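Below is one structure, written out as structure tokens; the observations come after it.
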Amino acid sequence: MKDQQIHEAMALLRQECRQWPTPSVTVVAQRHRSPFTVLISCIISLRTRDAVTAAASERLFSRAVSPDALVRLTVDEIADLIYPAGFFRVKAGQIRDICCRLLEEYGGTVPDTVEELVRFKGVGRKTANLVVTLGYGKPGICVDIHVHRITNRWGYVATATPDETEMALRRTLPPEYWIEINDLLVSYGQHRCFPTVPACSGCPLALLCSRIGVTRSK
DNA sequence: AAAACGGGGGC
DNA sequence: GCCCCAGTTTT
């Protein structure tokens with residue numbers, strides 16, 4: 001796919017996604033405006049639906065929006081607040097551990113590089129990149145399952161894992177779209193370009209997609 | 001019962 | 001690369 005085509009695709013995506021609500025982690029980040037809340041709600045979102053993530057995040061942040069406030073809660077209290085998110089007990093422990101380390105190693109602030117962020121248990125490249133881009137507004141590409149699936153479905157990249165997709169996009173995607181593409185493709189993946197059976201009929205990107213007519217694909 | 005959730009870790 | 005994690009909602 002050429003640059004000309006990706007410019008067209010992104011313009012169409014922007015237009016199309018306006019009709020759908022903004023993904024919840026982004027909304028939560030905007031409401032509380034902090035790299036810390038992006039980090040925590042991103043951990044909550046692991047293997048958990050968008051609506052559940054939003055509700056759980058709001059419940060937790062109504063009690064604490066900083067590491068020093070959050071460590072005063074016990075693991076059980078945190079677990080109760082983020083229920084019914086998947087793996088809620090494991091995540092509660094991870095969240096509290098991360099808060100402790102943030103206080104001990106970073107004076108209660110959140111580091112702003114992927115390399116530092118992925119040293120925390122429960123934080124991988126997806127979460128780290130979302131903190132960097134959404135939390136700090138710095139260059140980065142957050143590749144979750146939606147970004148991975150859709151860019152491959154387009155034929156824009158040909159990769160086996162989300163991490164490989166991130167590296168491929170860092171080489172080929174114009175920097176002006178780096179921060180934005182996650183929000184757009186999460187929304188598109190939730191409302192049209194579904195995981196198993198995408199709604200290709202009426203898709204504004206149909207002419208740019210290499211899998212036209214394919215109703216079942218990875 | 002099985003698949004799906006905006007993954008991550010360990011091997 | 002594969003398998004496990006440990007929970008709910010949706011089909």
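Per chain, numbering begins at 1; letters A, B, ... match sequence-line order. The model shown is predicted, which means the values in this text are computed figures rather than measured ones. Quick note: numbers below take in every heavy atom, side chains included, and nothing from hydrogens, waters or symmetry partners.
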Gap between atoms NZ and P, on Lys121(A) and dG9(B) respectively (whole Å): 7 Å
Donor-acceptor contact below 3.5 Å, side chain Thr127(A) vs main chain Ile43(A): no
Whole-Å gap separating P (dG7(B)) and CG (Asp50(A)): 11 Å
Lys138(A) and Asp112(A) ion-paired at < 4.0 Å: yes
Atom CZ of Arg63(A) with >12 non-hydrogen neighbours under 6.0 angstrom: no
Out of dG8(B), dG10(B), dA4(B), whichever nucleotide has its closest atom nearest the side chain of Pro195(A): dA4(B)
dC3(C) and dG6(B), which share atom name P, separated by this distance in whole Å: 24 Å
Separation of atom CD1 in Ile98(A) from atom P in dG8(B), rounded to whole Å: 11 Å
Whole-Å P distance, dG9(B) and dT8(C): 23 Å
Polar side-chain contact Asn182(A)-dG6(B) base: donor and acceptor under 3.5 Å: yes
dG7(B) OP1/OP2 closer than 4.0 Å to side-chain N/O of Ser45(A): no
Atom-pair distance (CG on Leu46(A); P on dG7(B)), nearest Å: 7 Å
Phosphate contact (dG7(B) OP1 or OP2) by Arg47(A) side-chain N/O below 4.0 Å: yes
Spacing between Ile150(A) atom CD1 and dG6(B) atom P, to the nearest angstrom: 12 Å
Whole angstrom value for the distance that separates C1' of dA3(B) from CZ of Phe194(A): 16 Å
Donor + acceptor pair across side chains of Ser187(A), Gln190(A) (<3.5 Å): no
Modelled atom types, side-chain donor and acceptor of Asp68(A) and Ser66(A), under 3.5 Å: yes
Touch class at under 4.0 angstrom, heavy-atom based, for Leu185(A) against every strand present: nothing
Touch class at under 4.0 angstrom, heavy-atom based, for Tyr188(A) against every strand present: nothing
Exam field: side chain Arg96(A) to backbone Val71(A), donor-acceptor pair closer than 3.5 Å: yes
Ile43(A) CD1 to dG9(B) C1', straight-line distance once rounded to whole Å: 13 Å
Length of the CD1-P vector between Ile145(A) and dA4(B), whole Å: 11 Å
Strand-adjacent residues in residues 80-93 of chain A, judged by heavy atoms under 4.0 Å from DNA chain C: Tyr83(A), Pro84(A), Gly86(A), Phe87(A), Phe88(A), Arg89(A), Val90(A)
Pair Thr53(A)-Ser24(A), side-chain donor/acceptor within less than 3.5 Å: no
Mutual orientation of the aromatic rings belonging to Phe88(A) and Tyr83(A) [parallel < 30°, tilted 30-60°, perpendicular > 60°]: perpendicular
Runs of at least three Watson-Crick or G-U pairs with DNA chain B, cut-off 3.5 Å: B:1-5 with C:7-11, B:7-11 with C:1-5
Atom P, compared across dA3(B) and dC4(C): separation rounded to whole Å: 16 Å
Distance-only donor-acceptor check, side chains Asn152(A) and Thr159(A), under 3.5 Å: yes
Touch class at under 4.0 angstrom, heavy-atom based, for Thr127(A) against every strand present: sugar-phosphate
Nearest-nucleotide comparison on DNA chain B, the residue closer to the 5′ end among Asp144(A) and Val123(A): Asp144(A)
Sugar-phosphate only, base, or nothing, as touched by Val52(A) at under 4.0 Å among non-hydrogen atoms: nothing
Under-4.0 Å salt bridge between Glu166(A) and Lys126(A): no
